[in-house]
**Student:** 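Dumping the structure here so I can ask a few things about it.
In this chain, residues are counted from 1 in sequence order.
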Amino acid sequence: MLDKIITPVIKPLLTPVVMLMHKRGITADQLTVVGFLVGLLAVPLLAFEMWYGALVAIALNRILDGLDGALARYANQSSSAGGFLDITLDFLFYAAIPLGFILANPEQNAIAGSLLLATFIGTGSSFLAFAIAAEKFKLEKPQFKYKSFYYLNGLTEGTETIALFIAFCIWPQHFAVMASIFAIACGITIFTRIHGGYHTLKQQEADANKAAENVPSSANSEVIND
């Protein structure tokens with residue numbers, strides 16, 4: 001929900017760093033992989049209840065995630081392969097953080113963490129499934145034109161998820177409550193994406209079928225007129 005507001009604010013701040021990285025020969029894909037590995041460090045840190053160390057790893061992951069896309073655009077390196085790598089590792093990172101809290105305190109966090117992971121699967125699958133269909137119909141991306149795929153909005157997006165992870169690290173004793181509430185919000189996102197995505201694609205298919213039906217009739221009328 002907040003991504004469309006936060007992203008335009010952050011993008012200009014990344015430009016000086018991106019220019020420096022480009023001069024050093026660093027590629028966007030390299031940043032993506034390094035950012036993912038740094039993010040994974042949060043899992044053992046969380047498991048051993050080193051909350052602020054995990055917070056640093058999470059923050060660095062998100063900074064590098066913002067830089068890789070900006071660098072790809074600046075260096076004209078944007079590609080489907082890079083977009084695939086980025087979104088895949090992002091979702092793996094998102095799943096890894098609840099796992100870290102489950103490992104830290106299975107008795108207290110297992111149910112809420114598992115529920116959150118299940119809803120993450122729902123938000124991620126609805127997000128990516130619609131992106132595939134949107135590519136088929138060449139749907140416009142008015143709010144996220146710089147993305148390598150169609151970016152379907154929702155109540156819980158990247159900004160909200162990172163805010164949640166930060167809150168987890170600051171108040172780990174309240175993980176179960178916060179995870180449960182966010183899982184409910186994710187459930188709302190899943191419903192709205194499925195409902196909106198389904199009807200959008202049904203309309204696109206209907207429009208495509210009408211266009212296909214009109215082509216033969218136009219061709220036939222031209223033949224008759226000739």
Side-chain angles (χ1 to χ4, degrees), residues 2-3 6-7 10-11 13-14 16-18 20-22 24-72 77 81-121 123-125 127-128 148 156-183 186:
L2 297 177
D3 284 8
I6 298 297
T7 302
I10 294 176
K11 280 179 64 180
L13 303 177
L14 301 178
V17 181
V18 165
L20 178 61
M21 288 183 167
H22 182 58
R24 297 291 179 88
I26 299 173
T27 67
D29 289 350
Q30 289 172 343
L31 278 184
T32 299
V33 174
V34 171
F36 173 67
L37 295 176
V38 170
L40 283 187
L41 290 176
V43 177
L45 290 171
L46 290 171
F48 288 102
E49 301 185 3
M50 301 174 68
W51 312 123
Y52 289 104
L55 180 56
V56 171
I58 291 169
L60 288 174
N61 170 273
R62 292 297 86 198
I63 292 170
L64 291 172
D65 182 68
L67 286 170
D68 63 2
L71 178 58
Q77 298 172 344
F84 166 76
L85 181 66
D86 180 56
I87 194 64
T88 301
L89 297 187
D90 272 354
F91 279 125
L92 288 172
F93 164 75
Y94 289 145
I97 302 307
L99 175 62
F101 281 93
I102 292 172
L103 293 174
N105 191 336
E107 183 176 348
Q108 179 178 315
N109 297 338
I111 294 177
S114 298
L115 179 62
L116 184 60
L117 284 172
T119 56
F120 275 0
I121 292 174
T123 56
S125 59
F127 177 92
L128 295 176
S148 56
T156 54
E157 297 175 348
T159 302
E160 292 82 6
T161 304
I162 297 310
L164 176 74
F165 289 173
I166 292 172
F168 282 167
C169 293
I170 297 175
W171 301 289
Q173 69 274 20
H174 300 304
F175 170 85
V177 173
M178 290 188 288
S180 298
I181 293 172
F182 199 79
C186 286

**Student:** Can you list every salt bridge (Lys or Arg N to Asp or Glu O under 4.0 Å) pair that touches residues 93-104, not counting sequence neighbours?
**Tutor:**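 Every candidate salt bridge (Lys or Arg N to Asp or Glu O under 4.0 Å) pair involving residues 93-104 fails, so no pair, neighbours aside, qualifies.
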
**Student:** Is there a donor-acceptor pair closer than 3.5 Å between any side-chain N or O of Thr123 and the backbone N or O of Phe120?
**Tutor:**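 Judged by distance alone, yes, a pair lies under 3.5 Å.
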
**Student:** So which atom in Ala176 and which in Asn109 form the shortest heavy-atom distance, rounded to 0.1 Å?
**Tutor:**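 Nearest heavy atoms, Ala176 then Asn109: N-OD1, 4.1 Å.
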
**Student:** For Cys169 and Ile58, work out which heavy atoms get closest and say how close.
**Tutor:**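 Where Cys169 meets Ile58 most closely, the heavy atoms are SG-CD1, 3.8 Å.
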
**Student:** Before giving the answer on side chain to side chain contact (heavy atoms under 4.5 Å, CB included), spell out for Ile102 and Leu117 the whole-Å C-alpha distance, their side-chain angles and the decisive distance to 0.1 Å.
**Tutor:** CA-CA 11 Å; Ile102 292 172; Leu117 284 172; 4.2 Å; yes

**Student:** Write down the atom of Gln173, the atom of Gln108, and the distance for their closest heavy-atom approach.
**Tutor:**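 Taking Gln173 first and Gln108 second, the nearest heavy atoms are O-NE2, 3.3 Å.
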
**Student:** Should the pair Phe175 and Phe101 be assigned to parallel (<30°), tilted (30 to 60°) or perpendicular (>60°) ring geometry?
**Tutor:**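 Rings of Phe175 and Phe101: parallel, as their planes differ by under 30°.
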
**Student:** Let me confirm one number: the CG-CG distance from Leu99 to Leu92, rounded to the nearest 0.5 Å.
**Tutor:**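 Result: 11.5 Å between the selected atoms.
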
**Student:** Mind jotting down which residue pairs meet the side chain to side chain donor-acceptor pair (under 3.5 Å) criterion with at least one end in residues 45-64? Sequence neighbours excluded, please.
**Tutor:**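 Residue pairs with at least one partner in residues 45-64: Arg62-Asp65, Arg62-Asp90, Arg62-Tyr94.
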
**Student:** Leu64 and Phe36: side chain to side chain contact (heavy atoms under 4.5 Å, CB included), yes or no, with the steps?
**Tutor:** CA-CA 9 Å; Leu64 291 172; Phe36 173 67; over 6 Å; no

**Student:** Check the surroundings of atom CE in Met178: do more than 12 heavy atoms from other residues, nucleotides or ligands lie under 6.0 Å from it?
**Tutor:**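 Yes, because the 6.0 Å sphere around CE of Met178 holds more than 12 heavy atoms from other groups.
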
**Student:** Please enumerate all residues that pass ring-ring contact (aromatic ring centres under 6.0 Å, His included) together with Phe182, with sequence neighbours excluded.
**Tutor:**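 Here no residue qualifies.
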
**Student:** Mind listing the closest non-hydrogen atom pair of Val18 and Ala70 along with its distance?
**Tutor:**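 Closest approach of Val18 to Ala70, heavy atoms only: CG2-CB, 3.6 Å.
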
**Student:** State, yes or no, whether a side-chain contact exists between Ile111 and Leu115 at a heavy-atom distance under 4.5 Å.
**Tutor:**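 A side-chain contact under 4.5 Å is absent here.
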
**Student:** Would you say Leu164 and Leu116 make side-chain contact, with heavy atoms under 4.5 Å?
**Tutor:**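 The answer is yes, as the side chains (C-beta and beyond) meet within the 4.5 Å cut-off.
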
**Student:** How many angstroms lie between CD1 in Ile63 and CG in Leu31, if you round to the nearest 0.5 Å?
**Tutor:**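 Answer rounded to 0.5 Å: 12.0 Å.
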
**Student:** With rounding to the nearest 0.5 Å, note down the distance linking CG in Asp68 to CD1 in Ile26.
**Tutor:**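 If I round to the nearest 0.5 Å, the distance is 12.0 Å.
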
**Student:** Run Thr27 and Leu71 through side chain to side chain contact (heavy atoms under 4.5 Å, CB included) and show every step you take.
**Tutor:** CA-CA 7 Å; Thr27 67; Leu71 178 58; 5.6 Å; no

**Student:** If you measure from NE2 on His22 to CD on Gln77, what distance do you get to the nearest 0.5 Å?
**Tutor:**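 The distance works out to 7.0 Å.
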
**Student:** Can you measure from CG (Asp86) to CZ (Phe91) and round to the nearest 0.5 angstrom?
**Tutor:**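 Rounded to the nearest 0.5 Å, the CG-CZ separation comes to 10.0 Å.
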
**Student:** Taking side chain as C-beta onward, heavy atoms only, is Val33 less than 4.5 Å from Leu85?
**Tutor:**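 The answer is yes, as the side chains (C-beta and beyond) meet within the 4.5 Å cut-off.
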
**Student:** Give me the atom names and distance for the closest heavy-atom approach of Pro98 to Gly113.
**Tutor:**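 Taking Pro98 first and Gly113 second, the nearest heavy atoms are CB-O, 4.3 Å.
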
**Student:** Hey, does Leu46 have a side-chain heavy atom less than 4.5 Å from the side chain of Phe168?
**Tutor:**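 Result no, sub-4.5 Å side-chain heavy-atom pair not found.
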
**Student:** Please round to the nearest 0.5 Å and tell me the distance separating atom OG1 of Thr32 and atom CG of Leu67.
**Tutor:**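 Result: 10.0 Å between the selected atoms.
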
**Student:** Decide if atom CD1 of Ile170 counts as having more than 12 heavy atoms of other residues, nucleotides or ligands within a radius under 6.0 Å.
**Tutor:**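 Count over threshold, so yes.
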
